[in-house]
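To start, the structure under review is shown below, and the notes come after it.
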Amino acid sequence: MQDKLFINGEWVAPENNATFPVINPATEEVFHNAPAGSANDVDKAVEAASAAFKSDWSKTTGKERAVYLRKMADGMERDLHKLTELEVKDNGKPYPEAQWDIEDAIGCFRYYANLAEELDGKCEVTELSDDRFKSEVRYSPVGVAALITPWNYPMLMASWKIAPAIAAGATCVLKPATVTPMTALEYGVYAQEADLPAGVLNIVTGLGSVIGDPLTQHPKVDKVAFTGSVPVGSRIMSMCAQEIKNVSLELGGKSPVIVFDDADIEGAVEWVMFGIFWNQGQVCSGTSRLLVQEGIRDKFLKRLKEETEKITIGDGMTEGTLLGPLVSESQLRGVLEFVDHGIATGVELLTGGRCDDFEKGYFMKPTIFLDPDVTDKLWAEEIFGPVLSVKSFKTEEEAIELANDSIFGLAAAVMSGSKERCSRVADAMRAGIIWVNCSQPTFTEAPWGGFKQSGIGRELGRWGLNNYLETKQVTEFISPEPWGWYMK
Ligand code: NAD
């Protein structure tokens with residue numbers, strides 16, 4: 001386990017050797033003391049990234065950058081089980097989920113290696129309305145990128161940013177979430193093994209409140225790519241407005257899943273569960289609002305309750321665990337405040353709530369509330385835990401209206417046996433990701449991001465690469481005749 005920051009290609013002790021405790025959420029044991037970076041450490045990291053960008057790095061070919069990305073992926077693949085265990089300890093998620101995350105992160109590096117190669121010689125001729133000129137579009141790396149990630153998929157969320165940034169020829173400083181710093185630090189190991197030039201990737205762990213602002217406000221940072229909560233995203237955006245920094249934001253959600261009468265009930269029950277209980281419901285795109293059509297409501301909820309109560313809760317390292325602890329004590333407290341509010345205000349609890357089965361660990365039960373008011377915080381606010389709220393509807397129009405009635409617009413799901421209806425509803429949903437007869441499957445190749453307060457910009461796919469590229473027009477005067485404006 002790493003106990004130093006990764007700056008300019010080397011492992012560096014943080015200023016004053018400061019550390020902070022890293023806690024296993026299943027046991028509450030402090031299993032490591034991670035390096036706590038300071039504003040000065042951030043400055044060193046940004047200076048290293050800036051110097052690397054000005055060196056030969058920004059002139060490397062995509063083919064050369066692809067080699068680094070593939071070598072990093074190979075190192076991660078070799079260490080798959082070590083990384084998986086570390087992710088489980090740090091975040092709490094069940095081992096198979098953590099393994100899936102790491103495999104996806106490896107796939108992300110390989111995918112962007114391919115896209116890096118495609119960048120070589122990429123230039124698009126633009127048809128102009130004046131044939132005295134010829135114009136083409138070229139792409140340049142954005143410069144120094146600050147990459148700020150959340151704790152729900154620590155290694156995976158970092159891969160969504162590091163891999164396209166390196167593919168584009170940018171340099172970067174990664175600031176992982178405070179509560180889950182461990183696997184993100186491991187990227188330094190793979191960068192060194194791959195001989196990635198010093199300063200291209202720097203990693204500074206520590207408290208967001210201490211190093212967040214110095215990082216995003218550093219004058220040599222050209223781009224801020226942030227994934228996290230709306231309040232922090234909003235702060236970053238307003239602060240970056242001072243220097244007109246390029247900002248992309250992946251924020252929260254309160255995504256709906258609509259189940260129509262003609263859906264396959266068993267299939268829909270499982271996807272609804274996956275949509276809110278996977279990763280302990282700590283998923284930005286989690287479908288936390290269920291809209292079920294009146295005709296199947298009773299039957300659907302009966303099956304949903306039966307299956308939900310079968311979910312095995314436990315330590316992520318224990319075989320068979322399907323729901324691990326929440327990531328931290330404060331996260332559990334925050335989610336239980338929603339549960340207590342629901343119970344205290346008389347919202348019907350179908351199942352779940354607090355879990356007293358363990359002496360230690362931040363565990364709770366998968367929880368379902370019925371029919372909160374549309375203005376109730378159970379229905380309107382992001383809970384970021386395994387808590388589903390359910391309402392019913394009569395018509396398709398009513399379902400769409402209820403689904404879209406949110407400040408968020410990250411994702412939405414629709415379950416129906418009618419392809420036409422699914423397509424119509426997909427068009428009508430105000431969200432960046434629409435799942436049809438499923439919920440949550442995420443692919444590196446497809447764009448990821450939200451409408452409304454769920455964010456600005458898209459990650460993954462070629463859209464994710466564009467986050468780290470500047471678009472440049474190169475326009476040439478090709479007429480044999482002089483311009484003839486002043487000199488007739
Ligand atoms: P958070 O906003 O509390 O923290 C995110 C990151 O920002 C952390 O690394 C944190 O240390 C850092 N940070 C804190 N203060 C900062 C500051 N002033 N300047 C810069 N950085 C600062 O979010 P979280 O609790 O880690 O993650 C949960 C949130 O992330 C949820 O709202 C969830 O919906 C969202 N999320 C969104 C996506 C997506 O793709 N849209 C994916 C995962 C999580």
Side-chain angles (χ1 to χ4, degrees), residues 1-23 30-55 57 72 86 90 142-151 154-155 157-159 161-162 165-166 170-194 196-228 232 235-236 239-240 242-243 245 247 468:
M1 278 185 285
Q2 309 306 327
D3 53 11
K4 293 199 169 75
L5 309 173
F6 187 66
I7 298 178
N8 206 23
E10 289 176 359
W11 294 101
V12 180
E15 194 179 27
N16 302 325
N17 288 314
T19 60
F20 63 97
V22 190
I23 294 169
V30 175
F31 70 92
H32 193 61
N33 287 300
S38 66
N40 285 333
D41 293 317
V42 166
D43 185 55
K44 282 186 208 153
V46 176
E47 288 294 346
S50 176
F53 188 72
K54 285 190 199 134
S55 73
W57 174 253
M72 288 180 73
L86 194 54
D90 209 0
V142 72
V144 176
L147 315 178
I148 302 172
T149 50
W151 45 256
M155 199 155 200
M157 289 294 108
S159 76
K161 296 186 183 349
I162 298 171
I166 291 179
T171 59
C172 46
V173 178
L174 171 70
K175 190 260 168 256
T178 311
V179 286
T180 56
M182 298 317 304
T183 49
L185 276 171
E186 295 296 319
Y187 278 116
V189 172
Y190 306 114
Q192 272 187 332
E193 279 183 10
L196 189 72
V200 171
L201 170 65
N202 305 275
I203 308 166
V204 182
T205 48
L207 306 187
S209 55
V210 174
I211 57 175
D213 289 354
L215 176 58
T216 59
Q217 300 317 301
H218 197 293
K220 290 190 180 167
V221 165
D222 301 289
K223 154 96 198 176
V224 179
F226 173 79
T227 300
V232 178
R235 177 185 174 84
I236 289 175
M239 292 183 79
C240 287
Q242 308 306 314
E243 292 190 16
K245 277 192 183 157
V247 176
Y468 303 95

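Scope of the values below: all heavy atoms of this structure, side chains included, with no hydrogens, waters or symmetry mates.
- For the residue pair I203 and A184, the shortest heavy atom distance occurs at CD1-O, 3.5 Å.
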With side chain to side chain contact (heavy atoms under 4.5 Å, CB included) as the test, would you mind laying out the steps for I236 and I148 before giving the verdict?
CA-CA 11 Å; I236 289 175; I148 302 172; 4.2 Å; yes
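- In this structure, P14 and P35 approach most closely via the heavy-atom pair CG-CB, 3.7 Å.
- Across K161 and A225, no two heavy atoms sit closer than the pair CE-O, 3.4 Å.
- Using a 4.5 Å heavy-atom threshold, the side chains of V189 and Q2 count as touching.
- Atom-to-atom distance recorded for L201:CG and L196:CG is 6.5 Å, nearest 0.5 angstrom.
- Note: T171 OG1 to W57 CH2 = 9.0 Å, rounded to the nearest 0.5 Å.
- Judged by distance alone, with hydrogens and angles left aside, the side-chain atoms of D43 form no donor-acceptor pair with the main-chain N or O of N40 at under 3.5 Å.
- Considering every non-hydrogen atom in both P21 and N33, the closest pair reads CA-OD1, 3.5 Å.
- Shown here for V142 and A170, the closest heavy-atom pair between the two residues is CG1-CB, 4.1 Å.
- Take A145 and apply the side chain to side chain contact (heavy atoms under 4.5 Å, CB included) test, not counting sequence neighbours, and it matches L147, C172, K223, Y468.
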Determine, stepwise, if the pair L215 / V204 fulfils side chain to side chain contact (heavy atoms under 4.5 Å, CB included).
CA-CA 10 Å; L215 176 58; V204 182; over 6 Å; no
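- Looking only at side-chain heavy atoms (C-beta outward), C240 and Q217 come within less than 4.5 Å of each other.
- Screening T183, L86, L185 against M1 for a side-chain contact (heavy atoms from CB on, under 4.5 Å) leaves a single residue, L86.
- Distance check: Q242 CD to T216 OG1 gives 11.0 Å after rounding to the nearest 0.5 Å.
- In this structure, T180 OG1 and M157 CE are separated by 11.0 Å, a value rounded to the nearest 0.5 Å.
- Residue pairs satisfying the ring-ring contact (aromatic ring centres under 6.0 Å, His included) criterion with at least one member in residues 35-55, sequence neighbours excluded, are absent.
- Between S50 atom OG and N202 atom CG the span is 10.5 Å, to the nearest 0.5 Å.
- Atoms CZ and CG, on F31 and D90 in that order, are 4.0 Å from each other to the nearest 0.5 Å.
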Yes or no on side chain to side chain contact (heavy atoms under 4.5 Å, CB included) for H218 and V144, after CA distance, side-chain angles and deciding distance?
CA-CA 10 Å; H218 197 293; V144 176; over 6 Å; no
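- Nearest approach of T205 to P176, heavy atoms of both residues: CG2-CG, 3.8 Å.
- Every residue was checked against the salt bridge (charged side-chain N to carboxylate O under 4.0 Å, His left out) condition with K175, not counting sequence neighbours, and none meets it.
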Sequence neighbours left out, cut at 3.5 Å: what donor-acceptor pairs do the side chains of residues 3-13 make with other protein atoms?
| unit_1 | atom_1 | unit_2 | atom_2 | d |
| --- | --- | --- | --- | --- |
| W11 | NE1 | Q192 | OE1 | 3.1 |

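- Counting heavy atoms from C-beta outward, V224 and M239 have side chains that stay 4.5 Å or more apart.
- Applying the side chain to side chain contact (heavy atoms under 4.5 Å, CB included) test to A158 and every residue at least two apart in sequence or in another chain returns T149, I162, L174, Y187.
- Not counting sequence neighbours, the partners of D213 by the salt bridge (charged side-chain N to carboxylate O under 4.0 Å, His left out) test are R235.
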